[in-house]
Visitor: 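Here it is: the structure, laid out below.
Order of the sequence lines fixes the chain letters, A, B, ..., with proteins taken first and strands second; residue numbering starts at 1 for each chain.
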2 protein chains.
Amino acid sequence: MSPKVSKEHKEQRRANILEAAKDVFIEHGYEQTTMKHIMDAANVSRGGLYQYFSNKEDVYEAILEEMLGTSMDRTEEVLKSEDPSYWEYLLRCLYGPDMEPDNKMDPLASPSLEFFITGRNDPRRRKYAKTRYYNGLKLFTDVIEQGKISGEFTTSFESEMIARTIISFTDGLALDQAIITKEDVKIKEQSILFIEYLRTILGVKQ
Amino acid sequence: MSPKVSKEHKEQRRANILEAAKDVFIEHGYEQTTMKHIMDAANVSRGGLYQYFSNKEDVYEAILEEMLGTSMDRTEEVLKSEDPSYWEYLLRCLYGPDMEPDNKMDPLASPSLEFFITGRNDPRRRKYAKTRYYNGLKLFTDVIEQGKISGEFTTSFESEMIARTIISFTDGLALDQAIITKEDVKIKEQSILFIEYLRTILGVKQ
DNA sequence: TTGCAAAACGACACCGATGTCGATATAATA
DNA sequence: TATTATATCGACATCGGTGTCGTTTTGCAA
């Protein structure tokens, strides 16, 4: 009845495997990585790996769950900060605490997009894609809505529609950087231009 | 020495296979379709298919070549029309002759994005992705540049950077519609908002 | 017709990845 | 130290897809 191996140890092991798997996915992408790759990276045998995850999709879903969780946490945190400007909230959600776009995006973005797009005919995968999309949509819509109420944004466009364009643009940037490479896509410069766009379309009062 | 089967016949057969393959790719996506699927759809045997194409990648590249070709032709055509407004040129390049965004995108967009992103570590595939990107970039940059020269666009932003955001936004929209589905992404409404954005960022004089 | 080169066929061998399973190692408890 | 549940191992059978190859069919040309 009593456990022969501590629960913490098991969770630790699982976390280690996930950590290693993440690196493999970043390097090879979703489709190209095999369970063998993960086994090697995590120093675990075939049987050992299958003890924790029943297949590759299962592994990636675990990584996704974690991502979706922490991204929600982070933005919650941002929104709870005492800064009163919704415009800054928005920039923080997009570009982190220092509100400065840089040249690279989340390295897990491209394997994830790959996971979503190759599984677009699979209800299970699509569910993850939708969750991710609607999480982002809700967050941005809320912030814009709040900004309107507070009088900081004077736009007459629908908050939700602006939120959608934010997501589409961000996704497009991630996609282009994945298939073309960073240097060629000029993420930073595009982001700066996009901020300018947002500023005008939202009618930000300074 | 002389051919036993006319060259036209052979080209016709090849074209038929490609036609069928295109439908299969649209239905199953790139990764999920197998040579067997294509064989069945095109009513050709295994050996027969391999007579024309040496593998799946080869088939898809043929489709891509065709796409890249016709898209260049079409935009060439648009640019050669006698209409003097560069703003309208731009809208036509984006949304076709009637300049009205609709709710759906090219059905081959998602298999192509899949082809590009799953092959992002393969130089061969990346070359296709780059060609596609830079074709679009050149087109939009040229049009915007012309519009500036003619005085129709008064923006002080770099033409190339605006062109890049056009591509990123368009790609993002295609991606989102692929992984989420049309109805949920509201492509038309987003496009209308995007046109508004373009109008302001370009400083279009009416 | 007949001859023949190319096109079309489909059986087959191959391969790499998968998930299972019986054997073994491990570590907590008695 | 002995017991025992379970974590770990890796060999193995399986499977689906691939590309080849020897055979058959086709249709133009002599």
Visitor: Please state how far atom CD in B:E31 lies from atom P in D:dT18, giving the value in whole angstrom units.
Guide: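 Those two atoms, CD and P, are 11 Å apart.
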Visitor: Rounding to a whole Å, what distance do you find between A:M39:CE and D:dT8:P?
Guide: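 Going from A:M39 (CE) to D:dT8 (P), I get 14 Å.
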Visitor: Going 5' to 3' through nucleotides 16-23 of chain C, assign each nucleotide B (protein heavy atom under 4.0 Å from a base atom), S (under 4.0 Å only from sugar-phosphate atoms) or - (no protein heavy atom that close).
Guide: -SBBB---
Visitor: To the nearest Å, give me how far apart CD1 (B:I38) and P (D:dT18) are.
Guide: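 In whole Å, D:dT18 P lies 9 Å from B:I38 CD1.
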Visitor: Can you measure B:R14 atom CZ to C:dA8 atom P for me and round it to whole angstrom units?
Guide: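 It is 13 Å, rounded to the nearest whole Å.
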Visitor: From CG of B:D40 over to P of C:dG10, roughly how many Å is that when rounded to an integer?
Guide: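 These atoms are roughly 11 Å apart.
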Visitor: Verify the contact: side-chain N or O of B:Q51 to OP1 or OP2 of C:dA7, cut-off strictly under 4.0 Å; return yes or no.
Guide: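 For C:dA7, OP1/OP2 do have a side-chain N/O of B:Q51 under 4.0 Å.
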Visitor: Any chance you could measure B:F116, atom CZ, to A:L175, atom CG, to the nearest 0.5 Å?
Guide: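 These two atoms lie 9.5 Å from each other.
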Visitor: Does OP1 or OP2 of C:dA8 have a side-chain N or O of B:Y52 closer than 4.0 Å?
Guide: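 For B:Y52, the contact criterion (side-chain N or O under 4.0 Å from OP1 or OP2 of C:dA8) is met.
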Visitor: Can you list everything that forms a side chain to side chain contact (heavy atoms under 4.5 Å, CB included) with A:N121? Sequence neighbours excluded, please.
Guide: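 A:N121: no side chain to side chain contact (heavy atoms under 4.5 Å, CB included) contacts found.
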Visitor: For B:K182, what residues pass the salt bridge (Lys or Arg N to Asp or Glu O under 4.0 Å) criterion, not counting sequence neighbours?
Guide: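 Applying salt bridge (Lys or Arg N to Asp or Glu O under 4.0 Å) to B:K182 gives none.
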Visitor: Got a sec, which pairs hit salt bridge (Lys or Arg N to Asp or Glu O under 4.0 Å) with one end in residues 47-64 of chain A, sequence neighbours left out?
Guide: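 Residue pairs with at least one partner in residues 47-64 of chain A: A:E57-A:R125, A:E61-A:R124.
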Visitor: Using atom CZ of A:R13 as one end and atom P of D:dT6 as the other, report the distance to the nearest whole Å.
Guide: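 It works out to 17 Å between those atoms.
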Visitor: What pairs with B:R120 under salt bridge (Lys or Arg N to Asp or Glu O under 4.0 Å), at least two apart in sequence or on another chain?
Guide: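 B:R120 satisfies salt bridge (Lys or Arg N to Asp or Glu O under 4.0 Å) with A:E114 only.
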Visitor: Output all residues satisfying salt bridge (Lys or Arg N to Asp or Glu O under 4.0 Å) with A:R199, sequence neighbours left out; order by chain, then residue number.
Guide: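 Checked A:R199 against salt bridge (Lys or Arg N to Asp or Glu O under 4.0 Å); matches are A:E196.
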